Amino acid sequence: MSLEQRFKNYLYEHFHFIKATQYALDYKEEVYSTLLDHAQSYKDAGETDEDVIYEKSISSLGDIKLTLTSFEKNSDDVKRVAIKASKITLISVAVMFLITVAYLVTSLVTKAWSKTWVMEVGGAFLIVITNLIIGMIPLVKYKKYMLLRFSVGTITTLLYITVYLLLVVLVPEYISRTWLIFFLMILSWFIADIIICYTGGLKVWGFVSLLFLVLLLGVFLYVGLALLGVITWSIYWVLPVAAAALDLLLIAIVVALKHKK
Amino acid sequence: MVSADVLRGYTETVILRKLMEGDAYGYEISHMISEVSGGEIDIKDATIYIAFRRMEENELIKAYWGNDETGGARRRYYTITEKGKEYYLAKSSEWLKINKILMKLIIGDEQK
């Protein structure tokens, strides 16, 4: 039997009980090429006995079982995460069921169907927000700041939509002004994003967000003053703001391309 | 032969130092350690792989498959990340400090 085949047999003996994940298959191929490198170096050193070359090459690997144990541990970790995710899903479904029951009971008793729907929609949003917050814990732990930015942006959006819907139902007389809450939402996006970027060492991204924030503050100031009648409203303000926004967009694209590179 | 235990705590730093010079594969690194130490330190491949895995998880290095083959098997190369470079610099300056302290503690002040 050739030396290569003996190495393959050795690897089969050790790997066949390990789950064939991509990581395990990569590792197996990596170990095989290392065994061949070791064998070649022993041949180059003048060793001709294939049994000796085989034994020495295997010995150079060290305690391969130790590495394989860490695969098993990783597999257990995956199982734990799957169990946790199942539990969270079950709890979410149960809570949604209770909210639906509460919504139906309240609606039937009060007959205020035009208002109670917000319980169902708001409840669903709050469940999603809670799940996203739970999902953020490993992102913080493993410092996945780009994903964290996306999660916080989604949470902020859902939170403001929930508050908006509540205001629409509870204070309908102010509906002409309620939409202004979305200005606050956009400001919150960027403020949260800047904090995450600077905390996570994504200083360039933080600076880009800061530039957007300054631009937005200018826009909101203009809109606010125009709504209060302090300055005269004119749609042409859009032109310089659009130019500035385009500049910032170009900066963001350059940063993204550089980051990808 | 010196026990490979002397590298404990600094296996990753040794690997990162090699990767600072350029991308390398597992055997290249264990061979380098053996060669630089004049054959005094015989680090096992399993130790190197465990360190690789830990460093990949911590985003200190990245792996990719090379185009060269050895007997039909591809080689898996490792490259250092920016985070890995920062980590290496921090650990190497830490080592310089520890080395001075250990010299005093083990050899004594007469070494001056």
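Here the structure is a predicted model, which is why all the values come from computation and not from measurement.
B/D45 CG to A/S57 OG: the interatomic distance, rounded to the nearest 0.5 Å, is 9.5 Å.
For the residue pair B/Y27/A/S33, the side-chain donor-acceptor check at 3.5 Å is not satisfied.
For a residue to count as touching a neighbouring chain, one of its non-hydrogen atoms must lie under 4.5 Å from one of that chain's; by this rule B/E59 touches chain A with the side chain only. Contacts between B/E82 and chain A at a heavy-atom distance below 4.5 Å are absent for every atom of the residue.
Residue-environment remark: NZ (A/K43) exceeds the threshold of 12 foreign heavy atoms within 6.0 Å. Under a cut-off of 6.0 angstrom, the local environment of OH in B/Y64 is crowded, with over 12 non-hydrogen atoms contributed by other residues, nucleotides or ligands. For CZ of A/F150, the number of neighbouring non-hydrogen atoms (other residues, nucleotides, ligands) closer than 6.0 Å is 12 at most. No more than 12 heavy atoms of other residues, nucleotides or ligands sit less than 6.0 Å from atom CZ of A/F207.
Under the side chain to side chain donor-acceptor pair (under 3.5 Å) criterion, B/R76 pairs with no residue at all, not counting sequence neighbours.
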### Query
Please walk me through it: do A/E30 and B/Y25 pass side chain to side chain contact (heavy atoms under 4.5 Å, CB included)?
CA-CA 9 Å; A/E30 189 175 9; B/Y25 52 94; over 6 Å; no
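Under the 4.5 Å side-chain criterion, counting only non-hydrogen atoms from C-beta, A/Y27 is not in contact with B/R53.
Each of B/H31, B/R75, B/E28 was checked for a side chain to side chain contact (heavy atoms under 4.5 Å, CB included) with A/D37, and the lone residue meeting it is B/R75.
B/A46 and A/G62 get closest at one heavy-atom pair: CB-C, 4.3 Å.
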